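The structure displayed is predicted, hence computed values, not measured ones. Each chain gets a letter, A, B and so on, in the order the sequences are listed, and its residues count up from 1. Computed from heavy atoms alone, side chains included, the values below leave out hydrogens, waters and symmetry copies.
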Number of protein chains: 2
Amino acid sequence: MGKQMTEMLKGTLEGVVLAILAVRPAYGYEITATLRDQGFSDIVEGTVYALLVRIEQRGLVDVEKVPSEKGPPRKVYSLNALGGEYLEEFWRTWNFLAERIEQLHHNIENPQEEGA
Amino acid sequence: MGKQMTEMLKGTLEGVVLAILAVRPAYGYEITATLRDQGFSDIVEGTVYALLVRIEQRGLVDVEKVPSEKGPPRKVYSLNALGGEYLEEFWRTWNFLAERIEQLHHNIENPQEEGA
DNA sequence: ACCGCTATTCTGTATTGCTATCTACTGGTA
DNA sequence: TACCAGTAGATAGCAATACAGAATAGCGGT
């Protein structure tokens, strides 16, 4: 993966996964597949599992083991109240950053408007 | 600073600084002040200087020492051609990520549209 | 000449997150 | 039996920001 993308995912991937779980509960393998579907084509699975461990330890998600037809039991994660709050803050942080970055982009393309 | 913001800045702060330099050359102390002006109120200077060292070593900027009335000479950084290309790639990476995250936000607020 | 003030740069150490790679387990199928 | 696909995890390594503090350089006042 591009180095820029790798760095940019730090701090955003977590929000992305929480946002996926906000739509409906899911298990790790499924989340990885969803991410790949949505264009994050070279996210490695280990990354997702490590992230899931972190958010579980922070109490942002509830976990339920569900037997699977093939392979080990699935660990189905669902966003809980604390996770919901955390996700809200993620959106606030994201919006803050996105606004400022868009502003910078605008500045570059319209350099004359500088002042104020 | 909020932990989420700290993590989110990884990979974006570099682009932000390059974007500032794309508008006009600047020195470290000035860049820090600009960032604070623009709402990144608790960026610490050490972070900016470390970043400037990195982008200089990667050859993304040109540096010129300019004497200052008070204090050590300023190191004025200006974006060069390589830096410009790198910034272009930053915008591509950012746009990719921003699009997907906006999509997720949309999904959460309109859960019924799921399929497709 | 000295002191202290401010502007400016730089230098550790700590913390965190993603990557890459590998292991392990389960059940079906050739 | 051997292999494949689904599923979870562990480890070591790297890169970036945070934080605190030191160092440098000129100037004004006494």
Is any side-chain heavy atom of [X] less than 4.5 Å from a side-chain heavy atom of [Y]?
| X | Y | result |
| --- | --- | --- |
| B:Leu97 | A:Phe40 | yes |
| B:Met1 | B:Leu9 | yes |
| B:Asp42 | B:Met5 | no |

Sugar-phosphate only, base, or nothing, as touched by B:Leu13 at under 4.0 Å among non-hydrogen atoms: sugar-phosphate
Sugar-phosphate, base or nothing in reach of B:Gly28, heavy atoms under 4.0 Å: sugar-phosphate
For a quick test of reading the model: is some side-chain N or O of [X] closer than 4.0 Å to OP1 or OP2 of [N]?
| X | N | value |
| --- | --- | --- |
| B:Arg74 | C:dC10 | no |
| B:Tyr49 | C:dT9 | yes |
| A:Arg54 | C:dG17 | yes |
| B:Lys3 | C:dG17 | no |

How far apart are the closest heavy atoms of [X] and [Y], and which atoms are they?
| X | Y | answer |
| --- | --- | --- |
| B:Leu87 | B:Ala22 | CD2-CB, 3.7 Å |
| B:Trp91 | A:Ile108 | CZ2-CD1, 3.9 Å |
| A:Leu21 | A:Ala26 | CD2-N, 3.7 Å |

Let me check something: any side-chain donor-acceptor pairs from residues 43-59 of chain B under 3.5 Å, sequence neighbours excluded? List them with distances.
{"residue": "B:Tyr49", "atom": "OH", "partner": "B:Tyr29", "partner atom": "N", "Å": "3.3"}
{"residue": "B:Arg58", "atom": "NH1", "partner": "B:Glu14", "partner atom": "OE1", "Å": "3.2"}
{"residue": "B:Arg58", "atom": "NH1", "partner": "B:Glu14", "partner atom": "OE2", "Å": "3.3"}

Can you tell me the distance, in whole Å, between the [atom1] atom of [X] and the [atom2] atom of [N]?
| X | N | atom1 | atom2 | answer |
| --- | --- | --- | --- | --- |
| B:Glu30 | C:dT8 | CD | P | 9 Å |
| B:Leu51 | C:dC10 | CG | P | 13 Å |
| A:Leu35 | C:dT19 | CG | P | 10 Å |
| B:Lys75 | C:dT9 | NZ | C1' | 8 Å |
| B:Gln4 | C:dT16 | CD | C1' | 13 Å |
| B:Met5 | C:dG17 | CE | P | 16 Å |
| A:Ile43 | C:dG17 | CD1 | P | 15 Å |

Range on DNA chain D touched by chain A - first to last nucleotide, heavy-atom distance under 4.0 Å: D:dG6 to D:dA16
Polar contact flag, side-chain donor to acceptor under 3.5 angstrom, B:Asn95-B:Glu99: no
For A:Arg100, all residues meeting side-chain hydrogen bond (donor to acceptor under 3.5 Å, both in side chains), sequence neighbours excluded: none
Most 5' of A:Gly11 and B:Val76 on DNA chain C, judged by nearest nucleotide: B:Val76
Side-chain donor-acceptor pairs of residues 68-79 of chain B under 3.5 Å, sequence neighbours excluded:
{"residue": "B:Ser68", "atom": "OG", "partner": "B:Lys70", "partner atom": "N", "Å": "3.3"}
{"residue": "B:Ser68", "atom": "OG", "partner": "B:Lys70", "partner atom": "O", "Å": "2.4"}
{"residue": "B:Arg74", "atom": "NE", "partner": "B:Tyr27", "partner atom": "OH", "Å": "3.3"}
{"residue": "B:Arg74", "atom": "NH2", "partner": "B:Tyr27", "partner atom": "OH", "Å": "3.2"}

Stepwise side-chain contact (heavy atoms from CB on, under 4.5 Å) test for A:Trp94 and B:Gln4: CA-CA 9 Å; A:Trp94 169 263; B:Gln4 295 203 54; over 6 Å; no
5′-ward residue of the pair A:Glu7/A:Thr47 relative to DNA chain D: A:Thr47
Stretch residues 95-104 of chain A: residues that reach within less than 4.0 Å of DNA chain D through a heavy atom: none
Show the distances under 3.5 angstrom between N or O atoms of the protein and N or O atoms of nucleotides 23-30 of chain C.
{"residue": "C:dT26", "atom": "O2", "partner": "A:Gly71", "partner atom": "N", "Å": "3.2"}

